[in-house]
Amino acid sequence: MTAIAAAAPARARRIGVSRRQWVGLLYVLPAVALVTVFFVIPLGMTAWMSLNNWPLMGEHSFIGLDNYVAILRDTRFWNALRFTAYYTVIVTIAIFAVAFPLAIFIERPRPLTNLYRTAFFMPAVVGFASASLLWSWLLNVDSGLFSPAAFDLGLTGKKVNLLATFQPAFWSIIAMVVWKVAGFTMIILMTGLQSIPQDLQEAAVIDGAGPFARFSAITLPLMRRTLALALILSVAGSILAFDQFYIILRGGPRNQTLTAVYWIFNQSFVSFKLGYGAALSMVLLVILVALSLIQLWLLRKPEGLD
């Protein structure tokens with residue numbers, strides 16, 4: 001009887017834990033279902049399509065790794081990937097160069113702070129397609145704003161088509177993306193700045209540390225996780241860039257602004273080689289995952305830093 005009485009509470013605890021586990025499972029079940037339906041299943045289908053010759057119309061046929069072998073010979077894809085990497089580096093540096101000072105500026109309460117925060121963040125609300133259409137009009141050589149305004153103000157001798165050559169077109173896209181994304185990155189960085197204990201900053205000031213010393217010794221180390229999040233979002237979004245190059249430039253001038261996603265779109269929905277497009281997508285996914293892991297490793301929390 002004593003043994004039975006002693007085992008009863010343990011059995012009750014196991015039953016209680018089991019019930020809590022089932023309740024927890026029910027809570028996460030909708031999220032699991034969404035991830036399964038909209039990510040896991042499509043990912044599996046894409047992986048299967050990449051192993052097939054899959055035309056838009058007609059029967060598909062299994063070809064194994066032939067699509068991946070063809071990628072090795074696809075110079076247009078590697079050129080697009082090279083341009084995408086170049087664009088990613090430039091636009092990420094530009095976004096952080098604008099977003100970080102803005103985050104520092106709006107972190108502390110001051111007159112009109114809420115107005116500044118709203119104004120800086122507002123472009124992030126606009127969709128990329130809508131923003132691209134807006135800038136496509138602004139950059140128009142005849143009916144836009146920038147080129148006619150520069151001509152009317154006497155800054156240029158004639159109306160200049162900013163989209164006719166690579167450098168002006170590329171930097172116009174950079175300006176559009178920074179205008180669109182910097183406000184979102186600013187909010188992320190602002191939350192990281194606000195999470196830093198004010199006592200540390202005040203103690204550093206008392207010890208005679210200047211603004212740069214405080215920024216390098218306190219602000220940056222304590223913002224590693226925030227910086228990692230903002231950096232991963234920026235890099236992933238830049239590698240997947242499509243809307244602005246498709247709507248504004250159509251890959252021009254002379255196919256110099258073809259991104260990796262643009263080339264995948266071209267192969268899948270212009271040439272109708274869905275299997276090959278799926279293989280390109282899988283390669284890009286592996287690159288994205290690898291880059292994200294590298295960034296997390298580089299910005300990992302140092303040992304002993306709380």
Side-chain angles (χ1 to χ4, degrees), residues 85-128 130-132 134-135 138 170-241 243-244 288 291-302 304-306:
Y86 173 69
Y87 163 76
T88 299
V89 172
I90 298 298
V91 78
T92 300
I93 294 174
I95 289 171
F96 275 80
V98 173
F100 222 132
L102 290 179
I104 295 173
F105 175 71
I106 67 170
E107 177 203 0
R108 300 298 177 195
R110 55 168 54 90
L112 302 179
T113 296
N114 291 333
L115 178 62
Y116 292 139
R117 290 175 180 176
T118 303
F120 296 151
F121 181 74
M122 190 65 70
V125 180
V126 182
F128 248 114
S130 300
S132 299
L134 172 63
W135 278 72
L138 292 173
F170 176 76
W171 289 105
S172 297
I173 295 294
I174 295 295
M176 189 277 285
V177 174
V178 171
W179 169 82
K180 167 74 176 67
V181 177
F184 177 75
T185 306
M186 173 198 72
I187 294 298
I188 296 176
L189 296 177
M190 184 190 70
T191 59
L193 289 171
Q194 291 178 337
S195 67
I196 298 175
Q198 189 62 26
D199 296 344
L200 292 178
Q201 299 284 4
E202 294 174 355
V205 171
I206 294 173
D207 291 339
F212 180 77
R214 296 198 305 271
F215 182 77
S216 59
I218 297 176
T219 303
L220 285 181
L222 293 178
M223 286 187 64
R224 282 179 177 270
R225 291 179 178 176
T226 305
L227 288 171
L229 172 62
L231 187 61
I232 288 173
L233 290 176
S234 178
V235 170
S238 301
I239 291 177
L240 298 176
D243 301 53
Q244 59 269 39
L288 268 175
L291 286 175
S292 298
L293 292 175
I294 291 172
Q295 291 173 84
L296 287 173
W297 181 76
L298 290 175
L299 292 171
R300 69 193 186 281
K301 188 176 182 181
L305 182 61
D306 294 328

What closest approach, in Å, do Pro221 and Ser216 show between heavy atoms, and which atom pair accounts for it? CD-O, 3.3 Å
Nearest heavy-atom approach of Gly192 to Thr226 is CA-OG1, 3.5 Å
If only atom types and distance count, is the side chain of [X] paired as donor or acceptor with the main-chain N or O of [Y] below 3.5 Å?
X: Arg117; Y: Ile106; result: yes
X: Lys180; Y: Ala131; result: no
X: Ser130; Y: Val126; result: no

If the plane angle is over 60° it's perpendicular, under 30° parallel, otherwise tilted; pick one for Tyr87 and Phe170. perpendicular
When rounded to the nearest 0.5 angstrom, what distance separates [atom1] in [X] from [atom2] in [Y]?
X: Ile104; Y: Met186; atom1: CD1; atom2: CE; answer: 12.5 Å
X: Ile196; Y: Met223; atom1: CD1; atom2: CE; answer: 6.0 Å
X: Leu189; Y: Thr191; atom1: CG; atom2: OG1; answer: 7.5 Å
X: Leu227; Y: Leu220; atom1: CG; atom2: CG; answer: 6.5 Å
X: Leu291; Y: Ile239; atom1: CG; atom2: CD1; answer: 4.5 Å
X: Leu134; Y: Trp179; atom1: CG; atom2: CH2; answer: 5.5 Å

Would you list the atom pairs, donor with acceptor, under 3.5 Å between side chains in residues 228-235 and any protein atom, with sequence neighbours excluded?
unit_1 : atom_1 : unit_2 : atom_2 : d
Ser234 : OG     : Thr92  : OG1    : 3.4

For Glu107, give me all partners under side chain to side chain donor-acceptor pair (under 3.5 Å), at least two apart in sequence or on another chain. none
Check: Phe215 ring centroid to Phe100 ring centroid under 6.0 Å: yes
Using side-chain heavy atoms (C-beta onward) and a distance below 4.5 Å, is Val181 in contact with Phe128? yes
